[in-house]
Number of protein chains: 2
Amino acid sequence: MASIKDVAAEAGVSVATVSRVLNDHPSVSADARTRVLAAVETLGYRPNAVARSLRTDQTHTLGLVISDVLNPYFGELARSVEEEARALGYSVIIGNADERPDLQDHHVRNLLDRRIDGLLVSPTDGGSPLMLDAVRAGTPMVFVDRWIPGVAVPVVRADGRAAVRDLVAHLHGLGHRRLAIIAGPAATTTGQERVAAFREALQAYGLELPEAYIGQGDFQAESGRRVTEGFLDLPEPPEVVFAADNLMALGALDAVRARGLRVPEDLALAAFDDIPWFVHTDPPITAIAQPTGDLGRAAVRALVDRIEGRPPESVTLPARLVVRRSCGENPNPVQRSTS
Amino acid sequence: MASIKDVAAEAGVSVATVSRVLNDHPSVSADARTRVLAAVETLGYRPNAVARSLRTDQTHTLGLVISDVLNPYFGELARSVEEEARALGYSVIIGNADERPDLQDHHVRNLLDRRIDGLLVSPTDGGSPLMLDAVRAGTPMVFVDRWIPGVAVPVVRADGRAAVRDLVAHLHGLGHRRLAIIAGPAATTTGQERVAAFREALQAYGLELPEAYIGQGDFQAESGRRVTEGFLDLPEPPEVVFAADNLMALGALDAVRARGLRVPEDLALAAFDDIPWFVHTDPPITAIAQPTGDLGRAAVRALVDRIEGRPPESVTLPARLVVRRSCGENPNPVQRSTS
DNA sequence: GGAAGCCGTGTAATCGATTCCACAAGGAGG
DNA sequence: CCTCCTTGTGGAATCGATTACACGGCTTCC
């Protein structure tokens, strides 16, 4: 593959001049410029990004470490991150942590070794020494969706409090009083917050959230199934299950079906994180939708701001409730064709 | 960040010795080795992958260019690719081409500039000059899922012929005679093949595939909707629609619903590419399932074989039919709880 | 007419690793 | 005791770019 030296030889100039043309430095004669460009053309020359990175100490690459690419929420996040990064001249290397702190560390280490310019992380845990060291060492970093408390890193996330209040109002309006939640891992901020928001919203209606109605999940479908089975085995099962993410909601749906029960007649169901498929499930599932694309884009902008020396900003966007049929009678029956 | 020179100074040896220790070269005294390792430890030294790549001309990175990360099929493919690559010591940079040849070229160029060791591509078109040049220049490459005819590059894919025959047998057995297909882009091999396989299977039952029953889609949901509406407007609409991918099937489902019609009573539906959500749609959708994870892993192994000088192998794995309820009466009613 | 400044260009140092080659020390063998 | 090999080590070239510095040739101004 042709190098800058070959181009210089072909054009009859020095490598310095070639470099100047390529980085359109002002002081280069029109004559030299055209000769260099011609040489570039005939040789099919493309600058070696590796060599350039070594010299400039910039890779124009961002790292994105998320917990589960198969979760459509993170899939959409990854997509918007890549798009915005590309628009700003950066590439993205994605690491899938699978909710495992050791895998997360593996990816962070690997990305740091590759000297990525900045790191976008949705942490699976409270922060490993490695990650804290990286922050301390000054690696540009931004947290998306989840974050690590007490670490001075900008956070881009959605606030679901209002939407959870709307959800509880909706459920209460439908007559439900025994509400349960399938929580995410306590080590994640989203795991904790959603339970807290739910409890708070219940209190506004004088409702309790008993321990038995808090099931411990791990954001994967299987845990949703397990927890839901536990709920159904209770002497007094809940009337509604609120899953803290979409995958666990799916597991819950499976569990209900497996017993020959029906949603929402026997057990109502709602989920955090909306996805296109929720429109098509039987029944369509009521969910809290995050502005995922906006989050991804905002996160990239914050990170690139930080990388390029501008002050980065934390961003919090509101989530919103999308009512469908999985919690009971549609509140807006005019829209439905008769069953 | 500490460099190899700092380590050498700290350990009181030359950089050559440090490098030898790090690459565990045999001729290094036990004494020097321990001193170097101690220095590495105290400085928290990590080798600069960029510098190493420049010198060795290996990045230990693979490029993966796919057409749509939001499609769960490609999401799963990307995940298995990343897993297998990691197991073999490689990282993966993913490029999303969005079915657009220009974007595909952008990613290929970017990846080549970064001197990735090899490229995994699921081409959106018949092959741009850029891609053909890359092959000619000897860039290790493997095609996954789709390929470009006439190009000497190993292909890893699923063969759906047998499964399509099974599907047509299933449909015929249910009494359906007017079968239509929503095709993928003619520029993709999968787009063409699935139509060909469908037509062939129909012939075995003496059935025709008239032009009016071949709708041109682009593997995106919206096109599935549009084509299905066209089918429904025909003087004699089909009894079954077979969508060449999962997203178009979803669009078809939407279109049927929007008219107040029902699946499968008014129109039966089947899809190529199975996804977890198809179990939960209303009704559950009959689909042809590819061994996606196996494809991803096989593709990575073939590519790494090629990179490391072993002869790479093309791989074809069979897809299989998964019958659910979207084409009519369940052939195995014992399994169902009464409606 | 000479000093000062600008413009375009080339030489060479540099980034952080790997690796060829030279060389010193020490043991084996004649 | 001298030669020859082996073993461990360091010096320096190298990968392909960027960029500080120097320099030659011109213009400009006093």
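No hydrogens, no waters, no symmetry mates; every other heavy atom, side chains included, goes into these values. Each chain gets a letter, A, B and so on, in the order its sequence line appears, and its residues count up from 1. Everything numeric in this text was worked out from a predicted model, so none of it was measured.
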Nucleotide of C/dG16, D/dA17, C/dG10 approaching A/A16 most closely (side-chain heavy atoms): C/dG10
Pairing of B/D98 and B/R100 as salt bridge, 4.0 angstrom limit: no
Given D/dA17, C/dT9, C/dC15, the nucleotide with the shortest approach to the side chain of A/P47: D/dA17
Sugar-phosphate only, base, or nothing, as touched by B/A32 at under 4.0 Å among non-hydrogen atoms: sugar-phosphate
N/O (side chain, A/N48) to phosphate O (OP1/OP2, D/dC15) under 4.0 Å: no
Distance test, side-chain N/O of B/T17 to OP1/OP2 of D/dG10, below 4.0 Å: yes
Residue mapping more 5' on DNA chain D - nearest nucleotide basis, B/A30 or A/S3: B/A30
Sugar-phosphate, base or nothing in reach of B/V50, heavy atoms under 4.0 Å: nothing
Touch class at under 4.0 angstrom, heavy-atom based, for A/N23 against every strand present: sugar-phosphate
Any side-chain donor near an acceptor of the partner, B/S91 and A/R114, under 3.5 Å: yes
Residue-phosphate contact under 4.0 Å: A/R52 side-chain N/O, D/dT18 OP1/OP2: yes
Phosphate-side-chain proximity, A/S27 and C/dG8, N/O vs OP1/OP2 below 4.0 Å: no
Which residue lies more 5' along DNA chain C, comparing B/R20 with B/Y45 via nearest heavy atoms: B/Y45
Salt-bridge contact B/R35-B/E41 (side-chain N to carboxylate O under 4.0 Å): no
Distance below 4.0 Å between A/S19 side-chain N/O and D/dA17 OP1 or OP2: no
5' priority, DNA chain D, between B/R115 and B/V15 [closest heavy atom]: B/V15
Closest listed nucleotide, where the reference is the side chain of B/V28 and the choices are D/dT9, D/dA17, C/dT18: D/dT9
Sugar-phosphate, base or nothing in reach of B/S29, heavy atoms under 4.0 Å: sugar-phosphate
Verdict with reasoning, A/D113 to B/R46, per salt bridge (charged side-chain N to carboxylate O under 4.0 Å, His left out): CA-CA 7 Å; A/D113 285 355; B/R46 300 244 81 212; 2.6 Å; yes
